[in-house]
Peer 1: 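Below is a structure I'd like to ask you about.
Whatever order the structure lists them in is the order used to number ligands and atoms, beginning at 1.
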Amino acid sequence: MAVPYQITSAEAYQHAYAKSIENPAAFWADIASHFTWKKQWELTLDWNFVEPHVRWFLGGQLNITENCIDRHLESLGNKPAIIWEPNDPEESHRVLTYRQLHDKVCQFAHVLKNNGVEKGDRVCIYMGMIPELAIAVLACARVGAIHSVIFGGFSAQSIADRLQDAQAHFIITCDGAFRGAKDIPLKSVIDDALIACPFVERVIVCTRTRTPVSMLKGRDVWWEDEIKKVETLGLHNFEPEVMESEDPLFILYTSGSTGKPKGVVHTTAGYMVYANYSFVNVFQYQPEEIHFCTADIGWITGHSYIVYGPLSAGATSLMFEGIPTWPDAGRFWDIVEKYKVNILYTAPTAIRSLMGFGTAPIEGKDLSSLRVLGTVGEPINEEAWQWYHKHIGKENCPIVDTWWQTETGGILISNLAGITEAKPSYATYPLPGIDPILVDENGNIIEGNNVSGNLCIRHPWPGMLRTTYGDHERCRQNYFATYHQLYFTGDGALRDEAGRYRITGRVDDVLNVSGHRIGTAEVENAINMHAGVVESAVVGYPHDIKGQGIYAFVVYTGGHQSDPQLTRQDILLTVTRAIGALAKPDKIQFVSGLPKTRSGKIMRRILRKIAEGEPGQIGDTTTLLDPNIVEEIKSGVIN
Ligand code: WT7
């Protein structure tokens, strides 16, 4: 049952890698031939990184849901596709077999059609982690609509920005979502967002929390009522829309170093092939195994390794509604025991937070089903790696440290579980088809080993982004203009004596807070919206659990409010309104001015050193407009 392109030894990896670099198009064409196509492609790859222009499997036609569902029905119809564990351990779990998933996706595809959704329409999905979220995503793909999932932690303002950017006329949401002890009123947030989005024609609301909601006549309908209509009409199978290889599959918004988040666009065939190939090989998925990725489908990790990767491979994907620490810090381990999870894929921030509870929550839990552990989202520190290895893997499970990005569609650098060797805090080697290189500030390629530099990728791979929605120039500027003919990742990395990569973190003004990407400019814009704020500068600092914390230096001119504690709270609320609670600064220091050059540029390097608690390393300040300001800021630093 394993696919023929599953790599089963270190030698086979070497061999596949060499082949993939020698002739990438032939390599990927061979893998793509194992999928279900409506029409075979004519040209495997057409590309240049100048525009950029990247097209895979040109002329091919397919539907990704046929590959994720229909093609498994005959042999795996009764196999669980999705197992869903609710937030509250007292509530019953749910299982959807491939057959049941097929029926639900078809039903909801009819609902979308009945509500006017057509091929190419953008549909925004703002839901909690319930099976209906996966069903909604797949139903969009089935009708050929472009889904744009927005994580449930984003504010009304953020949603409105994204709806406007994507010109999304359709929304799928829930009354509310359960997350730990919290109950998030999703529909009410959508209502606030829609004040600024009169173009939205239809909001489909799925029942989850029974939180009171207001349903606007003519615009809002209930998921359950719409399903009933489909049942009454006796509609069953929904013939999958025929899609071109390069038709957009989804948009996912992510932060950059400037301004508003950008809509990363992934297309159908290349993304599917890459999500599947990376899933099968990195985790070494075996038939009958249970794969548990703890991410939210609101992030790329959930798209690729809860939905598309596992389902395209006929795997069983476990979907969890809750959080690792509620009702207690043993929640993950209870789930592993309950379902005999084989693959656990989570984030370093979750591991560090659980480490803080000691080993008591693990005691007496049977974790012997675990075969592979994975991490993603940020560099994993050695201490967390060892804890994961010892206490969760019982020194018996390979850990895959998977480096990738929203833009890459799937994992680019990682060891392959049990096949190639792990090294703590190293993502190690690139997957076949991935050609990473390090460059210096001037774009010169850094050859050899034991070196560090900015991480770029040299040749297209099928899962890479194609554009940023509605603004191709922004895509070019962001990723392809820094270094000639290279995709620039925004990360720094080092390459050790054996050619293994260790990702050291962002080299741009992007923060990584608990594995979530946040632009400093975005947070500054939000803080500056507060009436009393003149200007602000935001930097990251090392945080024990989150990886990076957000430190804001704020020039504030009062108003009548002079209690700094209350002002801090007002600023936090402003940021929560503008972006969402996930972007709230951990520390706010009020300053009378910011360190600037004579030309008015904020010297972030200095602020970063102060926030990192290393004021001794500030260096030369003589070029500053007002060197005294540095002394003032240093003396007021918040530890
Ligand atoms: C950024 C991408 C890819 C899914 C989750 C985040 C950092 C990601 C690792 C890792 C070190 C990592 C990078 C990257 N990152 N994985 N294994 N080791 N850093 O997706 O929000 O697009 O963020 O996360 O800095 O650029 P994202």
Peer 1: Is A427 near ligand 1, meaning one of its heavy atoms is under 4.0 Å from it?
Peer 2: no
Peer 1: When you compare ligand 1 with R506, is there at least one nitrogen or oxygen pair between them that comes in under 3.5 angstrom?
Peer 2: yes
Peer 1: State whether the shortest distance between N or O atoms of R517 and N or O atoms of ligand 1 falls below 3.5 angstrom.
Peer 2: yes
Peer 1: Using a plain distance cutoff, I'd like to know if G377 has any nitrogen or oxygen under 3.5 Å from a nitrogen or oxygen of ligand 1.
Peer 2: yes
Peer 1: With a 4.0 Å cut-off on heavy atoms, does G490 reach ligand 1?
Peer 2: no
Peer 1: Answer yes or no: is there a side-chain heavy-atom contact under 4.5 Å between R179 and I184?
Peer 2: yes
Peer 1: Could you check whether E522 pairs with R517 (Lys NZ or Arg NE/NH1/NH2 to Asp/Glu carboxylate O, under 4.0 Å)?
Peer 2: no
Peer 1: With heavy atoms under 4.0 Å as the rule, classify the contact between N512 and ligand 1 as side chain, backbone, both or neither.
Peer 2: side chain
Peer 1: So, D247 and R466, do they make that salt bridge, N to O below 4.0 Å?
Peer 2: no
Peer 1: Would you mind finding which of I503, D491, D508 brings a heavy atom closest to atom 26 (O) of ligand 1?
Peer 2: D491
Peer 1: If we count only N and O atoms by modelled type, under 3.5 Å, do the side chains of N415 and Y13 hold a donor and an acceptor together?
Peer 2: no
Peer 1: Does only the side chain of Q405 get under 4.0 Å from ligand 1, or the backbone, or both, or neither? Count heavy atoms.
Peer 2: both
Peer 1: Is it true that S257 and D508 share a donor-acceptor pair across their side chains at a distance under 3.5 Å?
Peer 2: no
Peer 1: Using heavy atoms and a threshold below 4.0 Å, how should the contact between T408 and ligand 1 be classified: side chain, backbone, both, or neither?
Peer 2: neither
Peer 1: Which distance, rounded to the nearest 0.5 Å, do you find between the CE of M464 and the OG1 of T267?
Peer 2: 10.5 Å
Peer 1: Who's closest to atom 22 (O) of ligand 1 heavy-atom-wise, of D401, T406, T301?
Peer 2: T406
Peer 1: Between Y345 and H291, what is the ring plane arrangement, given parallel below 30°, perpendicular above 60°, and tilted in between?
Peer 2: tilted
Peer 1: Provide the number and element of each atom of ligand 1 under 4.0 Å from a heavy atom of T402.
Peer 2: 9 (C), 10 (C), 16 (N), 17 (N)
Peer 1: Numbering the atoms of ligand 1 from 1, which are under 4.0 Å from a heavy atom of I300?
Peer 2: 4 (C)
Peer 1: Can you tell me if CG on N449 sees more than 12 non-hydrogen neighbours from other groups inside 6.0 Å?
Peer 2: yes
Peer 1: Under a plain distance cut-off of 3.5 Å, with no hydrogens placed, do W403 and D491 share a side-chain donor-acceptor pair?
Peer 2: yes
Peer 1: Who's the nearest protein heavy-atom neighbour of atom 2 (C) of ligand 1, and how far?
Peer 2: W404 O, 3.7 Å
Peer 1: Where is the nearest protein heavy atom to atom 10 (C) of ligand 1: which residue, which atom, and how far?
Peer 2: E378 O, 3.6 Å
